[in-house]
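Below: one structure, written as structure tokens.
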Amino acid sequence: MTRILVLIVGLAIIGFILWWFFGKHQVAQATATVSADKQKVDVEVNGGYSPEVITLKKGVPAVLNFTRKDASSCLDRVVFSDFGINQELPQNEKQTVEIDTSKSGEYQWACGMDMFHGKLIIK
């Protein structure tokens, strides 16, 4: 009986791990608001990025405002390798990142340790 119980618990844990790492999860998305020929999006950094997918309009100057609530050192930087941006994110402070929207496409961003990711869509 003990072996069966251990087997069931082990399979449940394996199933949870597979779901956690490989399952489809809801992803917060946002489209930038455009006002006075500028677009902006506020991004909360707390155990990841929210929103995780951001859509910007091509050719309109864009600003992403990151506010890090998480104390983790992993999330203390945001890196946009395609734009040459490696910005420090002090905890509980808004940090502004200006994005070049002259070229349309999909661009990734990540934390300093490349564990948490986001996507920027310019169209």
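Values below: every heavy atom of this structure, side chains too, minus hydrogens, waters and symmetry copies.
A 6.0 Å sphere centred on CD1 of Ile4 holds no more than 12 heavy atoms belonging to other residues, nucleotides or ligands. Taking a 6.0 Å sphere around CG of Asn92, one finds it holds more than 12 heavy atoms contributed by other residues, nucleotides or ligands.
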Item to check | side chain to side chain contact (heavy atoms under 4.5 Å, CB included) between Lys40 and Thr33, worked out | outcome: CA-CA 6 Å; Lys40 71 171 191 162; Thr33 56; 4.1 Å; yes
Checklist entry - When you look at Arg68 and Gln91, which way does the side chain to side chain contact (heavy atoms under 4.5 Å, CB included) test go after all the steps? => result CA-CA 5 Å; Arg68 180 170 70 104; Gln91 191 172 5; 3.6 Å; yes
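Ile121 is listed as a side-chain neighbour of Val53, based on a closest heavy-atom distance under 4.5 Å. Side chains of Glu88 and Gln95 form no contact here, defined as non-hydrogen atoms less than 4.5 Å apart. By the 4.5 Å heavy-atom criterion applied to side chains, Val63 and Asn65 are counted as neighbours.
For the atom pair CG of Asp82 and CG of Asp100, the computed distance is 11.0 Å after rounding to the nearest 0.5 Å.
Look at Glu106 and Lys119 and you find a salt bridge, because one of the NZ, NE, NH1 or NH2 atoms lies within 4.0 Å of a carboxylate O, short of that distance.
Residues Asn86 and Arg77 approach most closely at OD1-NE, 2.7 Å, considering heavy atoms. Taking every heavy atom of both residues into account, Asp70 and Ser72 meet most closely at OD1-N, 2.6 Å. Residues Lys123 and Thr55 approach most closely at CE-CG2, 3.7 Å, considering heavy atoms.
Between the side chain of Thr101 and the backbone N or O of Val60 there is at least one donor-acceptor pair closer than 3.5 Å.
Looking at residues two or more places apart in sequence or on another chain, you find no salt bridge (Lys or Arg N to Asp or Glu O under 4.0 Å) involving Lys57.
Members clustered with Leu75: Val41, Val43, Val45, Tyr49, Ile54, Leu56, Leu64, Phe66, Val78, Phe80, Phe83, Ile85, Leu89, Val97, Ile99, Tyr107, Trp109, Met113, Met115, Phe116, Leu120, Ile122, by chain and number, using a 4.5 Å side-chain heavy-atom cutoff among hydrophobic residues.
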